[in-house]
2 protein chains.
Amino acid sequence: MYVPLHYISILFNIMPKVKQFNRNEVLSAAAHIFQTKGYNGTSIDEILKATGLSRSSLYDSFSDKHSLYLQSLEFYKSNQEAAFESVDKKEMNGLEKIEFLFKEAVNHLINHPKENGCLMVNAAAEMSKLCIQTSEIICNNKENLQEIFSEWLMDAQNKKVLHLSKPVKSYSTFLFNALCGLKVLSQSGASKNELLNVAKVTVEALH
Amino acid sequence: MYVPLHYISILFNIMPKVKQFNRNEVLSAAAHIFQTKGYNGTSIDEILKATGLSRSSLYDSFSDKHSLYLQSLEFYKSNQEAAFESVDKKEMNGLEKIEFLFKEAVNHLINHPKENGCLMVNAAAEMSKLCIQTSEIICNNKENLQEIFSEWLMDAQNKKVLHLSKPVKSYSTFLFNALCGLKVLSQSGASKNELLNVAKVTVEALH
DNA sequence: AGTGTAACGGAACATACATTCCAAGAAAAT
DNA sequence: ATTTTCTTGGAATGTATGTTCCGTTACACT
C-alpha cells in the first residue's frame with residue numbers, strides 16, 4: 001500500500017522547501033511557446049527562460065520535454081473545454097451559444113495574432129501521426145467539443161429554433177470542422193471580415 | 001550582360017557531367033517528409049536517405065534546408081492547384097465540381113492515412129508566424145484556391161443551380177475553410193463517414 | 001539554532017544536426 | 001585517351017540541444 005509523501009512528511013514532522021513555482025503557470029507558459037514554435041521548434045532553454053524555472057526543477061517536476069509537452073496539451077485542452085462550458089452557462093438557447101462561441105473564437109484569433117492559432121490544431125498537424133499520446137489527447141478534445149455542440153444543437157431543436165434534416169452528429173462534426181478551419185485560416189492571411197463571414201455562413205448553414 | 005552557362009558550354013564544346021537526379025522527384029520526396037514530420041522534425045540525413053542524393057548535391061542544387069523547404073512548398077502548391085484545375089476541366093457545372101472536389105479530398109485523406117494531412121495546412125500551423133516566405137506561399141495558395149471556388153460558384157449561379165444570398169467571396173472562403181478543416185479533422189481521429197458527412201453538410205450549406 | 005528534505009543553479013556530457021570542404025569520379029566532346 | 005567542369009562521397013566542423021549530476025540553498029518544523 002502506498003501513502004502520499006505529503007502524509008509521511010506530516011507524520012514525521014518533515015517539511016522541506018516547497019516549490020517556488022506554480023504548476024499551472026509553468027504549463028501555461030510552456031503551452032504558449034509550444035503553440036508558437038511547435039514541439040520540435042522549441043528548446044528547453046526557451047522554456048526555462050520563459051518560465052524562470054531552473055533546469056533541474058523542470059526535469060524534477062515534469063520529467064522531460066516530451067512529458068512536459070503532453071502535460072501542456074492537457075492543460076490547454078482543459079482551458080479550451082472550460083471556455084466552452086462558460087459559454088454553456090450563459091442564458092441563451094443552443095443556437096445563440098453556437099453563434100456566440102464562433103464570434104468569440106474569431107475575436108480571440110484576431111486579437112491575439114502572435115499566439116499562432118491553436119495548440120490543438122498545431123499539435124494535430126505536427127504530432128498526431130508521430131505520437132500516439134498526442135493523438136489521443138487531440139481525439140478526446142474533438143469528442144468532448146463535438147458533444148457540447150451536439151447538446152446545443154439538440155437544445156435549439158427542442159426549443160424549435162432549429163429544424164435539422166440530418167442526424168445531430170453530422171452537424172456537430174461540421175461545426176467542429178469549421179472551427180478547426182478558422183484556426184488554420186487565421187494563419188493563412190485571412191482578414192477579420194473573412195473569418196467573421198465564414199462564421200456567419202457556418203452558423204446559417206444550420207437553418 | 002549575362003549569358004546562361006548552358007550556352008557558353010555549347011559554344012566552347014564543354015559538356016560536363018549532367019545531374020543524376022530529377023529535381024521534381026527530389027522535391028516530391030522532400031515535400032512528403034516535411035508533410036509527415038514537419039520542418040523542424042525532419043533532418044537533412046532523412047532527406048538524403050529518402051532521395052538518394054548526396055549531401056553535396058543537395059546543397060549545390062537546393063542551397064540549404066530552409067530553401068529546400070520553400071521549394072518543396074511551392075512544388076506541393078503547384079500540384080494542389082493542378083488538381084483543382086483538372087477538376088475544373090471536367091464536364092460538370094460549378095456545384096458538381098465543388099461536390100466532386102470535396103469527395104476526392106476526403107477519399108485522398110482516407111486512402112493515404114500515413115501522409116499526415118496536407119503540407120499547406122501543416123506549414124500554416126508550424127511556420128506561418130515564424131517565416132514570412134512560408135506565409136506568403138500559404139497566403140497565395142489560399143487566394144488561388146478561393147478564386148477557383150469563386151468561379152465555380154458563379155458558374156453554378158449563372159446556370160441557375162444555385163442562388164446565393166451573400167457575396168460569392170463569403171462562400172468561397174467558407175469552402176476553403178471547410179477544406180482546411182477536413183485536413184485537420186483527418187488528423188484528429190475522424191472516421192471516413194464523419195469526413196463525408198462534413199463534406200455533405202458543407203456543400204448543402206450553399207443551397 | 002539545528003535538522004532533514006527537496007528545490008535550485010550551473011557545470012558537464014553526449015548526441016544530433018546543419019553546413020562546409022576537398023578530393024575523386026564521371027560524362028561529353030575532341 | 002585527354003581535357004574540362006560539374007557531380008558526388010565522405011570526412012570534418014562547429015553549434016545547438018536534451019539530459020544528467022552534484023554541490024548548495026532555502027524552507028518547515030522541533
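Chain letters run A, B, ... following the sequence lines, proteins first, then strands; residues in each count from 1.
Among the protein residues, B:T42 comes within range of the sugar-phosphate backbone only, with heavy atoms under 4.0 Å from sugar or phosphate atoms but none that close to a base.
As rounded to whole Å, 13 Å separates atom C1' of D:dA16 from atom NZ of A:K49. Rounded to an integer number of Å, the gap from A:K65 NZ to D:dT19 C1' is 12 Å. Spacing between atom CG of B:L58 and atom P of D:dG9 amounts to 12 Å, rounded to whole angstrom units. Between the CG atom of A:D45 and the C1' atom of D:dG18 there is a distance of 9 Å, rounded to whole Å. Rounded to an integer number of Å, the gap from A:L48 CG to C:dA7 P is 16 Å. Residue A:F21 contributes atom CZ, which lies 15 Å from atom C1' of D:dC27 at whole-angstrom precision.
Using cut-offs of 30° and 60° on the angle between ring planes, the pair B:H108 and B:H112 is parallel. Below 30°, between 30° and 60°, or above 60°: for B:Y69 and B:Y39 the angle between ring planes is between 30° and 60°, a tilted geometry.
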Nucleotides 10-13 of chain C: which of its N/O atoms have a protein N/O under 3.5 Å away?
{"residue": "C:dG10", "atom": "O6", "partner": "A:S56", "partner atom": "OG", "Å": "3.4"}

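Side-chain contact check for A:S172 versus A:L175: every heavy-atom pair is 4.5 Å or farther apart.
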Practice task
Take A:E194 and B:K169 through the test salt bridge (Lys or Arg N to Asp or Glu O under 4.0 Å) and record every step on the way to the result.
Solution key: CA-CA 9 Å; A:E194 282 185 293; B:K169 203 154 179 288; 3.5 Å; yes
Practice task
Please lay out, stage by stage, how B:E46 and B:K37 fare under the test salt bridge (Lys or Arg N to Asp or Glu O under 4.0 Å).
Solution key: CA-CA 10 Å; B:E46 286 177 287; B:K37 306 196 145 195; 2.6 Å; yes
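For the pair A:D60 and B:I44, both in contact range of DNA chain C, the more 5′-proximal nearest nucleotide belongs to A:D60.
Here the nucleotide nearest the side chain of A:D64, chosen from D:dT17, D:dT19, C:dA18, is D:dT19.
Within the 3.5 Å criterion, the main-chain N or O of A:Q35 finds a donor-acceptor partner in the side chain of A:N116.
Between A:S57 and the phosphate of C:dC8, there is a side-chain N or O to OP1/OP2 separation shorter than 4.0 Å.
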